S.K.: 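Sharing a structure here in C-alpha cells format.
Excluded from the calculations below are hydrogen atoms, water molecules and symmetry mates; all remaining heavy atoms, backbone and side chain alike, are included. Just so we're on the same page: letters track the sequence lines, and every chain starts at 1. All values derive from a computational prediction rather than experimental measurement.
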Amino acid sequence: MTKNRYYFWLILMNSLINIVNFVPRELIDGRFTGAQASIPLAVAAGTLLTLLFTAVIRKFPGMGVPEIFTATLPKFTVPPLLMVFGLLWCIAGLITLLSFVDITLRFISPDTGPLLVLISFLAVVCFSVRIDSHSLLYTLEMMLGISLPLIVYATIKAVMTPSFCWDSVLQTFTYSLHAPNWHSFLASTFSFSGYINLAIFNRVFQQLKLKPFHFVLVALQGLVVLLLSLFVPIGFFGTAAVEKHIYTWFSTADSIRIETFIIERMLFIFYMAYLTLSLVSIIIHWHVGKELLLSLFPAPKRKAAKARKWQEASILAGFCAAAVILMRLDQYELNTFGVIFLDVRWYGEIALLLLLLYCYAVTRRRSL
Amino acid sequence: MRRALCGIIALLLLCTGCEYKDIDRRIFVVAIGIDKGQEAGDFKVSLKLALPQGDVSKNEEKMQILTEESTSISEALRRMKSRVEKELDYVHCKSIVLGDGLAAEGVGHVLDWAVRRRDMQLILNFSIGRPNALEVLQVKPPSERIPSNSLIMAMSGQGTESPFITSVYTYELMRKLYEKGIDPILPIIEAQGKEEFLIDKIALLDKNKTRLVLTADETRLFNLLTRPNLRTNFPAYVQGGMYQYYTESSKSSYKIEIQEGEPLIRYTIRIKGIIEENSAQTEADQKLLDEISASGAEELRTDVEAMLSKVQKSGLDPFGWGLHYGARHWNNETEMEIWERLFPHIRFEVDAKVAVKYSGMIK
C-alpha cells in the first residue's frame, strides 16, 4: 500500500513550487507591512489545517472526495460542489503552467513562439494526467529526488555568496514587529496546501497514520521554505530594488555565479530543477481536477469503457483551451490572476474542510 | 488516442527550427562599452565581438569592434545589426564599461537597460573606462588568447589576484543604487596604450553618478575592509629600516556605537603576516618581529583612519554604515533620518593588530 511518505512529498511539492506561483511576490510586497509576522501565523494555520484535514479524511479510507460527497450529501448539491472544486484545481495548475511558460520565454528561449512552448508543455501534461494516481505519486517522488538536491544546492550557494548582503536581510527583519498582513498570510499558507490533493489521492492511501513528529516536519519545512523565499532575494537585491524584479527568484538564480562547474550560471540549473517540479505539480493538480470533474459523469458500466476516454479527453481539452485563452494575459494581469487565486484557494480549502467535517458528522449519525 | 498523440508529436517536430539559429549564424558580444555621444544626450555604444574559431590554441585572437552613436542604446544596437552578417548574441557578454564622462552624468539609465534586457546576465561586470569606454575595449594584451578574456579574468579574480581590483556585478550595483544607507562603487579601468590596462582605483558614486575617486592605496585599504583574506603587502618602519610584510590572512569588522549622542565606528582589523622585504638586511629575531608588527599596525591605523575620514567627508557611504545602523535598530520610521543627522559627526577608531609570525625563508 502507498506509504505515508508520499503524503509528505505532496506537501513538499506545493511548498517548493510557491516560487513559481507568485508567493514571493506577495511576501516581498508586504516586507515593510507585516509579511514577516504573517509567516509564523501561516505556519501555524497551515499546519493546523493539514492536521484537521488529515484527521477527517482518515475516517474515509480509500475514498476520494467525490465518493464521500455522493455517499453523504444530498444528491443535487454534489455536482455543483465538485464542479467548483474541480475548477479550482484546474486553475491551480493553470497558474503554474502560464507562469512557467512565461519564465521559459523570458529566461531561456526568447526566440521561441509562446504557443509552441505552451503546446509542448500541454502535450507532456495531458499525456501524464491520465496516468493512475499510484504511478503519479511514484513519479513525484522520483522528480523530487532529482530536483530537490539542485534546489538545495542553489539555495546554499546563494546564501554563501560573498556579496550576499546580510545587512539588508537584517534590515528587513527589523520590520517584523509590524502587524501581520492578510495578503501575505494567505499567500504563505499556499506552502502548506499540498495536503488538499488528498481529495483524490486519498483513494490510494489506505492506512494514513501520521505521528506528531510528522506535523513538526510539515511546519518546519514550510517555515524554512517561506523564510528563504522572502529573505534570499533581499540579500541579493536589497530591501528596495527587490520589488523591481518580476520573477524574483529566477533573477536571484541568475545572480548566482558558479566558479567551478560546467556552466557558470546557476540560472540554468535552477530552471531545470523547477521545470521538472512545475510539470509534476501541474500534472498532479490537473489529475485531481480531472478526477473531480470526471465523477460528474455517470460511472461507466464496464471498466475501460470507450465513453470514459472521451469524457477524459473532453475535460482535458477544456483545460488546454483555458490555457491557450489565458495566454493572452499580459504580465500584470497574470500576476493579479495568480494573486486572486492565492486568496480564493484559501477559502476553498476551508470550505472543503468544513464540508468533510459535515460529511463525517452525517456518517457518524447514520452509523449510530 | 495513440494515433492522435503521434499526430501531435509529428506536428511539434515540424515546428522546431523556425527561429533557432545555429552557432555559426551568431556572433558573440563579449563586452559593451557605452560613452557619451557627440551631441548632448546621445550614446556612443561600442561592441566587442568575439569571432568564434575552431582551435583556440593555434589561431590568433580575432575580434571586431563596432561603434555606433544614437539617441538611445537600443537604437544603436539595432543599427549595428545591419553592419554585421550574423545575429548579435549578448548572452555571453561579461562586462559593461561605462565611459568616464557618462559615469559623471549618471549610470541609472544604463543599469536599467542592462537589467531590463532579458538576455543580459545579472552577473556581468560593471566598470568605468578611462579615458573612455571605447579605448578600454580596444586594449588587446599580447597575453590574451580569447577576446576580452583578460578583462574577464582580471575582474573575476580567477586569474590575477590583485589587491587593487574590485569587481561589481550588475545585481550589486542595482542593490546599492536603490538601497538606503549604502552607496555604489565602480572599479575604474584605465587604458594605457593599445596593449595594457590598469585597474587599481575605484570610483565612489552617489545614487546616480561618480563623486569621488579613491587612489590605488586607498582602494587597497577599501578592499581590506570589505573582503576577507586580501592578499597584499603593507609597510612597517623600524629604526630607519623599511620592511614589507605579506598578509597571509586578514579580516576586518566594525561596530557602530553611539556614545553620548556621538556616533563612533570602531573598526577591528586582524592581519597575520610574513616578512617579504627587509631594507636593512639585518637578522630578524623575536623582538624585531614584534616591533614590525607594532609599527605595521600603527601605519595601517593612520592610513585607514585617513581613508575613512576622506570617505566620510564626501558624504558618501560605500561601506553601508547607514544600512548597518538601520539593520540593528527597530525604529524603522525614524532610523534613517537620525542616521543622516549623525553621519557628519562620525568618529572613527581603528583597532589594527598585525601579527608578523615569520621572517620569511631566512632570519
S.K.: Using non-hydrogen atoms and a 4.5 Å limit, figure out which bit of B:V91 sits close to chain A: side chain, backbone, both or neither.
M.R.: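 For B:V91, heavy atoms of backbone and side chain both lie under 4.5 Å from chain A.
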S.K.: Is A:S251 in contact with chain B via its backbone, its side chain, both, or neither, using a 4.5 Å heavy-atom distance?
M.R.: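 The answer is both parts of A:S251.
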S.K.: So how far is it from B:K94 NZ to A:E264 CD, rounded to the nearest 0.5 Å?
M.R.: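 It comes to 3.5 Å.
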S.K.: Going from CD on B:E333 to OH on A:Y175, what distance comes out if it is rounded to the nearest 0.5 angstrom?
M.R.: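 That separation rounds to 7.0 Å.
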S.K.: Between A:C165 and B:L323, which heavy-atom pair has the shortest distance, and what is it?
M.R.: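 In this case the closest contact between A:C165 and B:L323 is SG-CD2, 3.8 Å.
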S.K.: Looking at A:S176, A:A240, A:P162, which makes the most heavy-atom pairs under 4.5 Å with chain B?
M.R.: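 It is A:A240.
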S.K.: Under 3.5 Å, side chain of B:N332 to main-chain N/O of A:T174, donor-acceptor pair present?
M.R.: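 Yes, B:N332 side chain to A:T174 backbone: donor-acceptor pair under 3.5 Å.
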S.K.: Heavy-atom distances under 4.5 Å only: say whether B:E172 touches chain A with side chain, backbone, both or neither.
M.R.: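 The side chain, not the backbone.
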S.K.: Is A:T172 close to chain B through its backbone or its side chain, or both, or neither, when contacts mean heavy atoms under 4.5 Å?
M.R.: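 No part of it gets close to chain B.
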S.K.: Can you see which heavy atom on B:R328 is nearest to which on A:D167, and at what distance?
M.R.: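 Shortest heavy-atom contact: NH1-OD1, 3.0 Å.
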S.K.: Given a strict heavy-atom distance threshold of 4.5 Å, which part of A:H178 is in contact with chain B: side chain, backbone, both, or neither?
M.R.: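 When you check distances to chain B, no heavy atom of A:H178 falls under 4.5 Å.
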S.K.: Is any side-chain heavy atom of B:S156 less than 4.5 Å from a side-chain heavy atom of A:R257?
M.R.: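 Yes, at least one pair of side-chain atoms sits under 4.5 Å.
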S.K.: Among A:R106, A:K244, A:E259, who wins on heavy-atom pairs under 4.5 Å with chain B?
M.R.: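 Winner by heavy-atom pair count: A:K244.
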S.K.: Could you tell me which portion of A:F173 (side chain, backbone, both or neither) has an atom closer than 4.5 angstrom to a non-hydrogen atom of chain B?
M.R.: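 A:F173 touches chain B through backbone and side-chain heavy atoms alike.
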S.K.: Would you give the length of the straight line joining atom CZ of B:R116 to atom CD1 of A:I246, rounded to the nearest 0.5 angstrom?
M.R.: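 Nearest 0.5 Å value for the CZ-CD1 distance: 8.5 Å.
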S.K.: Check this for me: B:H329, atom NE2, are more than 12 non-hydrogen atoms of other residues, nucleotides or ligands nearer than 6.0 Å?
M.R.: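 Atom NE2 in B:H329 is crowded, with more than 12 foreign heavy atoms closer than 6.0 Å.
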S.K.: Ignoring hydrogens and angles, tell me if any N or O in the side chain of B:R175 forms a donor-acceptor pair with the backbone of A:F236 under 3.5 Å.
M.R.: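 Indeed, once roles are kept as given, a pair shorter than 3.5 Å links the two residues.
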S.K.: Considering only heavy atoms, which portion of A:F237 lies under 4.5 Å from any heavy atom of chain B: side chain, backbone, both, or neither?
M.R.: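 When you check distances to chain B, atoms from both the backbone and side chain of A:F237 fall under 4.5 Å.
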S.K.: Can you give me the closest heavy-atom contact between A:Q171 and B:G326, atom names plus distance?
M.R.: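 Nearest pair, atom of A:Q171 first, then B:G326: OE1-O, 2.8 Å.
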S.K.: At what distance, to the nearest 0.5 angstrom, does OG of A:S168 lie from CD of B:E179?
M.R.: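 The OG atom of A:S168 sits 4.0 Å away from the CD atom of B:E179.
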S.K.: Nearest 0.5 Å, what's the CG-CD1 distance between B:D119 and A:I108?
M.R.: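 Going from CG on B:D119 over to CD1 on A:I108, the span is 12.5 Å.
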S.K.: For A:L267, which atoms come within 4.5 Å of any heavy atom of chain B: side chain, backbone, both, or neither?
M.R.: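 Contact with chain B: none, neither part.
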S.K.: Can a donor-acceptor pair be found between the side chains of B:Y171 and A:S163 at a distance below 3.5 Å?
M.R.: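 Side-chain D/A pair, B:Y171 to A:S163: present.
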S.K.: Below 4.5 Å from any heavy atom of chain A, which atoms of B:M120 appear? Answer side chain, backbone, both or neither.
M.R.: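 Answer is backbone: N, CA, C or O of B:M120 sit under 4.5 Å from chain A.
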S.K.: Does any part of the side chain of B:K180, heavy atoms only, come nearer than 4.5 Å to the side chain of A:T239, both counted from C-beta?
M.R.: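 SC-SC contact between A:T239 and B:K180 ruled out.
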S.K.: About how many Å separate CZ of A:R265 and CG of B:L122, when rounded to the nearest 0.5 Å?
M.R.: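 One finds 8.0 Å between CG of B:L122 and CZ of A:R265.
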S.K.: For A:C126, is it the side chain, the backbone, both, or neither that has a heavy atom closer than 4.5 Å to a heavy atom of chain B?
M.R.: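 Answer is neither: A:C126 stays 4.5 Å or more from chain B.
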